[in-house]
Undergrad: 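Below is a structure I'd like to ask you about.
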Amino acid sequence: MKHFFCNRWQPMRYWIYPLFIILLTTACRETTTPRPNGFFRIDSYPATYKEVKMGNITLNINDSALCNVPPGAEGNSGTERLNIPYPRYNATIYLSYITLHDNLDRLMAESIELVYRQNVNTEQVEAIAYEDKAAKLYATLFALSPESATPIQFIATDSTQYLLRGALYFDNPVKADSVAPSLQYIEEDIMVLIENITHTPL
């Protein structure tokens, strides 16, 4: 009888063991759920500002941002250019200061055309107006789609002496989720810049 059971168990052992291993591995398997890509946390620059002269106006620039004049900008009569890089955000604000000579309407039309030319979706352009009659300061900030080449542009003028154009560019193509914190920080700096423009009459 003992020999009979040994003969019966012997062939069964070869398929019982693989079956046991299959059950063991499938029972321990966990279902995985795809997760969205994460992004590094970007701390904001401190809210301290330095004064920078451009033409006959003074601007407040974030103290941690850089300021440099692009090559060849000095020889342009009536126009000055200034770049404001934000190394931490891989972004730069490009400024153009233009002296007015009865050309405000044309410059305003060109500036607005540039805004809509750069935007991914023209329906997403949000224009925010700013006015300080006492300081003779009139400005418009254009918030474009975050995926646009330049998600923020702005125009500021006193309507008689100067027009200041500004455009924010990121160094690399961006997605709305990844760039949102940086965009918010820089937009606040741009608003500070606009609200604190002071000019010396020519």
Side-chain angles (χ1 to χ4, degrees), residues 42-70 73-74 76 78-100 104 107-108 110-119 124-146 148-171 174 179-202:
I42 304 176
D43 294 325
S44 62
Y45 283 121
T48 57
Y49 299 91
K50 58 191 172 188
E51 291 188 349
V52 176
K53 292 284 291 183
M54 194 176 186
N56 70 328
I57 63 175
T58 302
L59 307 173
N60 282 12
I61 308 298
N62 192 300
D63 198 47
S64 298
L66 306 176
C67 291
N68 57 67
V69 178
E74 301 90 342
N76 236 341
T79 302
E80 294 187 25
R81 302 189 189 281
L82 182 68
N83 298 344
I84 306 172
Y86 284 75
R88 188 180 299 174
Y89 304 143
N90 294 320
T92 302
I93 299 173
Y94 295 90
L95 297 178
S96 297
Y97 172 95
I98 306 169
T99 302
L100 296 179
L104 178 61
L107 292 172
M108 290 290 289
E110 289 178 358
S111 300
I112 293 172
E113 182 184 352
L114 285 172
V115 170
Y116 284 92
R117 187 188 303 168
Q118 295 289 346
N119 194 36
Q124 293 185 4
V125 177
E126 181 183 4
I128 306 168
Y130 176 82
E131 182 178 288
D132 185 344
K133 291 183 178 180
K136 295 182 179 179
L137 176 60
Y138 312 93
T140 304
L141 184 145
F142 299 93
L144 289 70
S145 167
S148 297
T150 168
I152 295 179
Q153 293 192 41
F154 63 91
I155 309 166
T157 181
D158 68 343
S159 76
T160 59
Q161 297 184 29
Y162 73 89
L163 176 79
L164 180 69
R165 288 176 180 166
L168 169 67
Y169 285 82
F170 284 91
D171 297 341
V174 296
V179 80
S182 304
L183 193 57
Q184 181 180 352
Y185 299 145
I186 300 176
E187 183 176 358
E188 291 174 1
D189 277 354
I190 290 174
M191 289 181 172
V192 169
L193 183 151
I194 292 172
E195 293 172 1
N196 292 279
I197 293 175
T198 58
H199 77 283
T200 304
L202 296 176

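In this text, all values refer to a predicted model and were calculated from it rather than measured experimentally.
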Undergrad: Which heavy atom in Leu168 sits nearest to a heavy atom in Thr150, and how many Å separate them?
TA: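 Heavy-atom minimum between the residues: O-OG1, 2.7 Å.
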Undergrad: Using the salt bridge (Lys or Arg N to Asp or Glu O under 4.0 Å) criterion, which residues pair with Glu110? Sequence neighbours excluded.
TA: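 If we apply the salt bridge (Lys or Arg N to Asp or Glu O under 4.0 Å) test to Glu110, skipping adjacent residues, the hits are Arg106, Arg165.
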Undergrad: Within the structure provided, determine whether Leu100 and Leu107 are in side-chain contact (heavy-atom separation under 4.5 Å).
TA: yes
Undergrad: Taking C-beta and beyond as the side chain, do Ile57 and Gln161 meet within less than 4.5 Å on heavy atoms?
TA: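 A side-chain contact under 4.5 Å is absent here.
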Undergrad: Of all residues at least two apart in sequence or in a different chain, which pass the side-chain contact (heavy atoms from CB on, under 4.5 Å) check with Lys53?
TA: Thr58, Thr200
Undergrad: Considering only residues two or more places apart or on different chains, which pairs with a residue in residues 90-99 satisfy salt bridge (charged side-chain N to carboxylate O under 4.0 Å, His left out)?
TA: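 Sorted pair list comes back empty.
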Undergrad: May I ask you to check whether Tyr86 and Asp189 show a side-chain donor-acceptor distance below 3.5 Å?
TA: yes
Undergrad: Mind listing the closest non-hydrogen atom pair of Pro151 and Leu183 along with its distance?
TA: CG-CD1, 3.7 Å
Undergrad: Look up atom OG1 in Thr48 and atom CG in Asn60, then write down how far apart they are to the nearest 0.5 Å.
TA: 10.5 Å
Undergrad: Atom OG1 in Thr140, atom CD1 in Ile194: separation rounded to 0.5 Å?
TA: 8.5 Å
Undergrad: Is any side-chain heavy atom of Leu164 closer than 4.5 Å to a side-chain heavy atom of Leu59?
TA: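 Leu164 reaches Leu59 side chain to side chain.
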Undergrad: Heavy atoms only: give me the nearest Met108-Leu163 pair and the separation to one decimal.
TA: SD-CD1, 3.9 Å
Undergrad: Check Leu144 against Ser148 and note the closest heavy-atom contact, atom names and distance.
TA: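 Smallest interatomic distance, heavy atoms only, reads CB-OG, 4.0 Å.
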Undergrad: Give, for atom OG1 of Thr92 and atom CG of Leu66, the distance between the pair rounded to the nearest 0.5 Å.
TA: 8.5 Å
Undergrad: Kindly write out the residues that satisfy salt bridge (Lys or Arg N to Asp or Glu O under 4.0 Å) with Glu51, not counting sequence neighbours, or none if the list is empty.
TA: none
Undergrad: Report yes if some heavy atom in the side chain of Tyr49 is under 4.5 Å from a heavy atom in the side chain of Asp63; otherwise report no.
TA: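 The answer is no, as the side chains (C-beta and beyond) never meet within the 4.5 Å cut-off.
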Undergrad: Closest heavy-atom contact between Pro85 and Cys67?
TA: CD-N, 4.3 Å
Undergrad: Can you sort out the partners of Thr160 under side-chain hydrogen bond (donor to acceptor under 3.5 Å, both in side chains), two or more places apart, ordered by chain and number?
TA: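 Applying side-chain hydrogen bond (donor to acceptor under 3.5 Å, both in side chains) to Thr160 gives Asp158.
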Undergrad: Could you tell me how the ring of Tyr162 sits relative to the ring of Tyr97: parallel (under 30°), tilted (30 to 60°) or perpendicular (over 60°)?
TA: parallel
Undergrad: For Ser96, what residues pass the side-chain hydrogen bond (donor to acceptor under 3.5 Å, both in side chains) criterion, not counting sequence neighbours?
TA: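 Applying side-chain hydrogen bond (donor to acceptor under 3.5 Å, both in side chains) to Ser96 gives Arg81.
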Undergrad: I'd like to know whether Val69 forms a side chain to side chain contact (heavy atoms under 4.5 Å, CB included) with Leu82, so could you lay out the CA-CA distance, the side-chain angles of the two residues, the decisive distance to 0.1 Å, and finally the verdict.
TA: CA-CA 5 Å; Val69 178; Leu82 182 68; 4.2 Å; yes
Undergrad: Between Ile152 and Ile186, is any pair of side-chain heavy atoms under 4.5 Å apart?
TA: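 Result no, sub-4.5 Å side-chain heavy-atom pair not found.
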Undergrad: Could you grab the distance from atom CG of Leu95 to atom CD of Glu80, nearest 0.5 Å is fine?
TA: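 It is 11.0 Å, given to the nearest 0.5 Å.
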Undergrad: State whether the side chain of Lys136 and the backbone N or O of Ser159 hold a donor-acceptor pair below 3.5 Å, judged by distance alone.
TA: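 Answer holds: no.
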Undergrad: Return the minimal non-hydrogen interatomic distance between Ala135 and His199, and the atom names on each side.
TA: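 What the structure gives for the nearest pair is O-CE1, 3.9 Å.
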Undergrad: Is there a side-chain contact between Phe142 and Ile155 (heavy atoms, below 4.5 Å)?
TA: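 Phe142 vs Ile155: side chains touch.
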Undergrad: What distance do Ile61 atom CD1 and Ile84 atom CD1 have between them, rounded to the nearest 0.5 Å?
TA: 3.5 Å
